[in-house]
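Structure first, commentary second.
Note that the coordinates shown come from a computational prediction; the quantities given were computed from them, not determined experimentally. Per chain, numbering begins at 1; letters A, B, ... match sequence-line order. Only heavy atoms go into these numbers, but all of them, side chains included; no hydrogens, no water, no symmetry mates.
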2 protein chains.
Amino acid sequence: MAEPLRIALAGLGTVGAGVIRLLAANAALVRSRAGREIRIVAVSARDRVRDRGVDLSAFDWCDDMAAMASRDDVDAVVEMVGGADGPALTLAKTAIRQGKALVTANKAMIAHHGLELARAAEERGVPLKFEAAVAGGIPVIKGLREGAAANAIARVQGILNGTCNFILSTMEDTGRDFADVLAEAQALGFAEADPSFDIDGIDAGHKLAILAAIAFGARLDFAHVSCEGIGAVRAADIARARDLGFVIRLVGEADVDAGPPGAAPARLLQRVRPCLVPQAHPLAHVDGPTNAVVAEGNFSGRLLFQGAGAGDGPTASAVVADLIDIARSTMDGREAGPAFSVPVGELLAMEPAEPGDRTGRSYIRFTVADRPGVLAEITAAMRDAEVSIESLIQQGEPDAKGDVLVAMVTHEGPERCVAEALRLLDGSPSLTAPPLVMPILEA
Amino acid sequence: MAEPLRIALAGLGTVGAGVIRLLAANAALVRSRAGREIRIVAVSARDRVRDRGVDLSAFDWCDDMAAMASRDDVDAVVEMVGGADGPALTLAKTAIRQGKALVTANKAMIAHHGLELARAAEERGVPLKFEAAVAGGIPVIKGLREGAAANAIARVQGILNGTCNFILSTMEDTGRDFADVLAEAQALGFAEADPSFDIDGIDAGHKLAILAAIAFGARLDFAHVSCEGIGAVRAADIARARDLGFVIRLVGEADVDAGPPGAAPARLLQRVRPCLVPQAHPLAHVDGPTNAVVAEGNFSGRLLFQGAGAGDGPTASAVVADLIDIARSTMDGREAGPAFSVPVGELLAMEPAEPGDRTGRSYIRFTVADRPGVLAEITAAMRDAEVSIESLIQQGEPDAKGDVLVAMVTHEGPERCVAEALRLLDGSPSLTAPPLVMPILEA
């Protein structure tokens with residue numbers, strides 16, 4: 001059997017400890033599938049004395065991560081430090097520069113610096129892999145990069161944040177409101193003390209940008225991902241949606257259009273938003289902290305990948321799958337193929353698409369004062385903006401603050417018309433809170 | 001850019017034509033992802049003059065498939081001839097012997113001869129790949145072999161036959177009976193004129209045996225797959241199941257147990273059966289001709305892969321994904337790793353497990369004569385076999401033949417007790433047709 005693949009682990013939080021546990025528990029099968037042993041030789045973390053529930057005595061402890069990444073007896077570095085910049089990025093760059101394979105679970109770092117790191121890895125001829133950065137234990141990077149490689153992908157959609165999905169599906173099951181369920185999620189450890197990164201859609205946006213780059217062969221472009229979170233979704237919206245046959249999910253969606261006539265390259269639209277998902281759509285049955293990704297290939301048709309989106313076990317599963325790939329593919333000093341499925345120089349530079357050009361149905365919910373004429377004002381704005389209303393529900397009773405919810409579903413039409421209607425209503429004293437617009441996904 | 005990967009295609013049915021169309025339609029992206037051109041140089045099929053809707057003029061036509069597989073200007077052979085033996089197997093063996101990579105969509109051939117072919121491919125150092133043989137366009141072979149490679153898999157479950165799933169979900173949607181829906185499926189082209197291969201569960205069994213070998217690192221063992229089809233499922237069973245909160249699906253399931261105390265190797269159980277699937281199980285939402293596979297890894301947790309299980313586009317997507325892998329991995333004369341994730345010599349030889357040892361809940365439906373004492377006879381047999389009944393439904397009205405259906409759900413218990421109860425009732429004049437037993441999957 002070939003020489004071991006020698007690993008340095010940086011960052012020993014729950015995921016780092018999970019990787020150590022996995023390599024111990026599944027040692028024989030990992031060796032068999034990798035074609036050689038995957039051996040941890042060195043570890044590093046901020047706090048040496050903390051008890052992580054795993055035995056570190058067999059590994060060299062390094063206080064200096066960058067120095068660890070430069071060791072001659074290390075073939076691959078696993079980065080689980082976290083953060084888009086700082087020590088994680090320094091470590092990643094050092095590892096690649098030193099000719100080490102790099103495996104990371106760090107979506108923020110890849111979303112912000114993935115192209116730069118991929119170019120450095122190509123130049124140095126080392127693998128860069130990040131299966132664990134998107135959708136935890138689901139092998140969706142591999143699924144798109146290799147499994148669906150023969151297809152032009154028209155669209156990717158995903159439930160990419162387990163915290164938001166836990167909150168929304170718990171609201172759905174219990175009828176409770178957002179703040180209440182968020183507090184429970186925090187108590188259960190499903191949400192961070194500062195949950196904004198998750199509930200504002202930023203984390204899902206990082207993952208979407210990575211998926212889009214691979215799916216479309218486009219230059220990674222997190223700066224143009226529009227992220228809208230779930231904080232404005234009310235229990236009443238979920239109840240209305242259910243009456244109409246939908247569930248509400250935070251969906252990251254990316255697709256390409258041909259652009260205006262005469263424009264050469266395709267344009268890329270990347271958005272994270274709460275959406276109404278019909279029961280016949282595969283994402284409608286993704287509950288709790290589960291993640292899922294749907295990709296539509298021009299030959300494969302619609303593919304669904306689903307599983308645990310976070311947690312030490314699933315994330316370790318993805319990290320070690322990357323290590324096994326590296327162990328196999330670099331056995332004779334080879335490299336494992338481009339990180340984003342094609343070399344960075346071949347990735348398309350796509351302009352961001354204009355969202356207003358898109359057509360679809362929307363759910364719009366207004367929070368209005370309980371007085372005559374409000375409905376006439378809203379429907380007049382819709383008429384003037386050429387938004388056609390399919391159905392309208394006004395809640396019977398005002399809530400504690402005296403507000404009434406008015407929810408409507410539009411016929412299919414351009415999104416810019418909906419935006420124009422809201423602009424016409426902007427500043428109206430009839431509206432007591434900003435309206436919430438959610439697109440309705442097609443089955 | 002590297003030299004083209006030169007392909008010979010054998011078999012030009014709908015899938016073969018699909019591969020030709022895909023390589024033309026997606027030429028630029030395939031070249032980009034493969035790192036080099038994938039170029040068809042030669043084709044072969046039984047009938048030269050048939051119009052396949054694709055232009056063959058750029059390819060050399062070969063009347064002799066085996067000779068085509070021996071050409072010096074061919075690097076990889078794509079086998080889409082079909083059939084477990086005969087010309088397909090001769091072609092496959094010839095291609096490997098001649099040092100060509102082999103890609104096949106032929107589940108019957110892999111289920112029966114996969115180990116022999118994999119061993120030959122290892123000895124010759126050539127890739128053998130068969131993503132298209134299981135679940136059409138879904139990259140589930142890759143998902144298990146590579147994506148879930150870090151895990152000990154406890155169980156795989158799949159909806160692996162689109163014809164059966166189309167029939168069952170149409171019966172569910174329309175309330176129509178099996179024979180009627182089968183006739184429609186045949187008219188629509190979803191079922192063959194001789195449908196037995198599909199509806200008896202053999203086709204699903206082939207795919208299950210392949211999945212099990214990869215998931216468990218076990219020697220492929222189609223001989224011990226027990227296959228039960230959907231021909232005995234009645235509209236009334238589907239209605240009963242729905243009342244109880246289940247859908248009926250033909251599920252292929254494989255798992256391993258530790259065997260009796262002292263027995264060293266794990267034992268493998270492989271079964272294809274109609275099952276009652278609870279709404280909370282991911283397979284409950286797989287409708288129409290869709291396929292899906294669930295794998296439970298010891299670190300990843302439950303993974304779901306879902307998509308189109310058949311058709312020229314999805315199958316071509318899988319075939320070309322294999323070709324892209326080969327184009328990348330063999331760029332410098334390398335090989336792409338073992339076909340069944342570990343070398344054939346390292347695959348475990350697992351004994352078949354004893355199904356009676358398994359515990360679970362069952363749905364049992366009796367077709368009985370409408371006369372006094374029948375229910376007492378059945379329930380006495382259950383008592384004597386120590387089968388505990390959770391619920392029992394007797395249909396109000398006898399059917400046209402004067403038969404009455406009695407359906408029951410058992411409490412969790414060993415399957416051997418259910419088998420014993422049926423043995424006690426065997427030959428009873430009260431039963432007018434053999435009972436139908438379907439396991440109830442856990443959510």
Any idea which of B:A150, B:G147, B:P314 has the most non-hydrogen atom pairs under 4.5 angstrom with chain A? B:A150
Give the minimum heavy-atom separation between B:A308 and A:S300, together with the two atoms involved. CB-O, 4.0 Å
Evaluate the ring planes of B:H285 and A:H285, with Trp represented by its six-membered ring, and classify them as parallel (under 30°), tilted (30 to 60°) or perpendicular (over 60°). parallel
Among the options A:N26, A:V342, A:L23, A:V320, pick out the one with the most heavy-atom pairs lying under 4.5 Å from chain B. A:N26
From the options A:R145, A:K142, A:K129, select the one residue that forms a salt bridge (Lys or Arg N to Asp or Glu O under 4.0 Å) with B:E146. A:K142
Is B:D312 in contact with chain A via its backbone, its side chain, both, or neither, using a 4.5 Å heavy-atom distance? neither
State, to 0.1 Å, how close B:L22 and A:F299 come at their nearest heavy-atom pair, and which atoms those are. CA-CZ, 3.4 Å
Can you name the closest pair of heavy atoms from B:S32 and A:P343 and give their distance? O-CD, 4.4 Å
Chain B heavy atoms under 4.5 Å from A:I214: which part of the residue, side chain, backbone, both or neither? backbone
Answer with side chain, backbone, both or neither: which region of B:N151 has an atom nearer than 4.5 Å to a non-hydrogen atom of chain A? both
Heavy-atom pair count under 4.5 Å with chain A, highest-scoring of B:G311, B:A25, B:A152: B:A152
Part of B:I324 lying under 4.5 Å from any heavy atom of chain A: side chain
So, the part of A:N298 with a heavy atom under 4.5 Å from chain B: the answer is side chain
Applying side chain to side chain contact (heavy atoms under 4.5 Å, CB included), run through B:F305 and A:L304 and close with a yes or a no. CA-CA 6 Å; B:F305 303 87; A:L304 170 70; over 6 Å; no
For chain A, find which of B:A149, B:G307, B:G137 contributes the most heavy-atom pairs closer than 4.5 angstrom. B:A149
Under a 3.5 Å distance rule, please check whether A:R33 uses its side chain to pair with a backbone N or O of B:S341 as donor and acceptor. no
Does any heavy atom of chain A fall under 4.5 Å from the side chain of B:I153, the backbone, both, or neither of them? neither
Is any side-chain heavy atom of A:R328 less than 4.5 Å from a side-chain heavy atom of B:P338? yes
For B:E442, does the CD atom sit with more than 12 other heavy atoms under 6.0 Å from it, leaving out its own atoms? no
